[in-house]
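Letters A, B, ... mirror the listed sequences (proteins, then strands); counts begin at 1.
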Amino acid sequence: MTDTTMADMNSRIPSGLVDPVGEANATGASINAKGLTKVFGSGENAFHALGPIDLDIKPGEFVSIIGPSGCGKSTTMLLVTGLEPPSAGSVEIDGKPLTAPISEIGIVFQDHLLLDFRTAINNVMLQQEIRGLDRAKFRERADALFARLGLTGAENRYPWQLSGGMRQRVSIARALVHDPSMLLMDEPFGALDAITRTQIRHDLEMLWLETRKTVLFITHSIEEAVGLSDRVLVMSKSPGTIVEEIVIDLPRPRPAHLGEYPEFSKYAERIYRIFEKLGVYKF
Amino acid sequence: MAPAQSGARARLMAAFGGSYLSSVLIGTVAVLLLLGVWEIALRFFEVPIWLAPKPSDFLARLYTDRALIAGHAFWTSLTIVEGFVLGVLVAIPLALAIVSVGALERGLYPVIVFLNIMPKTVIGPILIIWFGIGPLVAALIVFLMSFFPVLVDSMSGFRLVDRRLFYISRSMGASSWQTFWKVRLPAAMPHIFSGMKIGVVKAVEGVIIAEFIASNKGLGFMIVRASAFMDMTLMFSGLVAAAIVALIFNGAMSIIGQWLMPWSRH
Ligand SMILES: Nc1ncnc2c1ncn2[C@@H]1O[C@H](COP(=O)(O)OP(=O)(O)O)[C@@H](O)[C@H]1O
Ligand SMILES: [Mg+2]
């Protein structure tokens, strides 16, 4: 099976801003962070990995963090969700201080991290099993998402029977099936080939346009950051701080070939210049 | 694609079928050939039965004394199951504890490794004094033999689970109990299972020796007693029965493995 066909591309044209999985409980949450800092280890082995950084992400906003490898992007994501405690600073989700890991979120990592021992659909249904929600109703939502992501027919396959792109689609379905208020993606397309990446980027944008989750998207791809985001935050080398914020004012949905927009190259060049100034690139 | 579209039936078929069947076939032919040569050689040289029995002797004995031999084979099997199950039930939680608690890893694990280096049968006489001669002592020796491989492989299984999986399960609001049952244990299962396979081999080897020294039931005991009576034919029948028990246990493990882990690649 290929990742996408023309037919399922067409079926994925947005049907207005309706939540495809029904009864949206969650439009996006806001994320506010102040002085967020992470130091791993202590004493002589202390390693300052991140910050301090401030974040102000509006409900339903699509924000990317871009920065060189090892600058603390993944760490930022873990701190923002409470999955790891910060060394200093604080996070508020929808105005409420974050003190423990929150579960109104969906996470996608670079590696699909699907469970080998569950079929595609059962990987998604793990959400239902753990949350103790109604199985039949949840299955309907999962099926709708599968259809939406071009996964129909792959339900009963094991992860190793799926292509890389499909695995990542399943992990996106897993992250969205419970209708979370925020979606966190850590270089989700980093391991995919360029063609698959362009398609899945578009599919994600479409899904986001309909559901308006708050998305924190971590990437080291300038094209992805500009192609998807409302706003791009550029991080410095380790310990990462946010050195620049770029609002991407391009119409949506954005085309496969971003070069259609002259502004695209301007945004891309701006990010290159910043990286050059930071010494990320040495030519 | 087979495991995805089919149910338990196909899984079982897969477990029995294909290369398994052909290897059984080849094995059977080889064994029959060996027995044939043996039979002919002994008949030709007219070797007395108290020195070496012919296959026709001990296979016939296997039949005529089937009640006796089956009874002992049953005890041997029960001893394997008891010792092995106990080993697994202790090894898996202990592996989890050792992996989770640094102090146990530094303090307890070296002790276990040291105990494992000791020949287990040496503990037999001590156990006999504590528990008396009987299948219990044999089961305890089997436990000691099968426990360690399960422990070691379970430890690496639990360790190798990607920590980001725990982030994902926590993002679902999973309790540590849920995370263990739904993520960590099944993710570690292929490792745990390969430990169990080695454990069963050790158990099947160990049980006969354990019964030699420490039991009053089972094939090992039957063979020792036959030896005391110079009953060579029964000793060989016992050997064949022990081999059959070993085959059954190893085969059962393969089937259990594919039934427990239909997702694993073959
Ligand atoms: N658990 C940890 N313990 C120690 N150092 C860590 C840990 N996690 C990440 N780091 C270090 O912190 C830095 C930032 O890591 P990360 O956030 O993963 O970077 P990025 O995602 O931007 O590549 C890296 O140098 C990494 O080695
Ligand atoms: Mg990272």
So CG of A/Asp111 and CG of B/Leu165: to nearest 0.5 Å the spacing works out to 10.0 Å
d(A/Leu83 CG, B/Arg163 CZ) to nearest 0.5 Å is 10.5 Å
d(B/Lys182 NZ, A/Leu115 CG) to nearest 0.5 Å is 10.5 Å
Original post:
Within a reach of under 6.0 Å around NZ of B/Lys217, are more than 12 heavy atoms found that belong to other residues, nucleotides or ligands?
Top reply: yes
Cut-off 4.5 Å, heavy atoms of chain B, and the answer for A/Phe117 is both
Cut-off 4.5 Å, heavy atoms of chain B, and the answer for A/Glu129 is both
Answer key: most heavy-atom pairs under 4.5 Å with chain B among A/Leu126, A/Ile102, A/Asp186 is A/Leu126
dist B/Arg170:CZ -> A/Thr81:OG1 (nearest 0.5 Å) comes out at 9.0 Å
Heavy-atom nearest pair, A/Ser103 first then B/Gly173, reads CB-N, 3.7 Å
d(B/Tyr167 OH, A/Leu113 CG) to nearest 0.5 Å is 11.5 Å
In this structure, OG of B/Ser171 is separated from CD of A/Gln127 (nearest 0.5 Å) by 6.0 Å
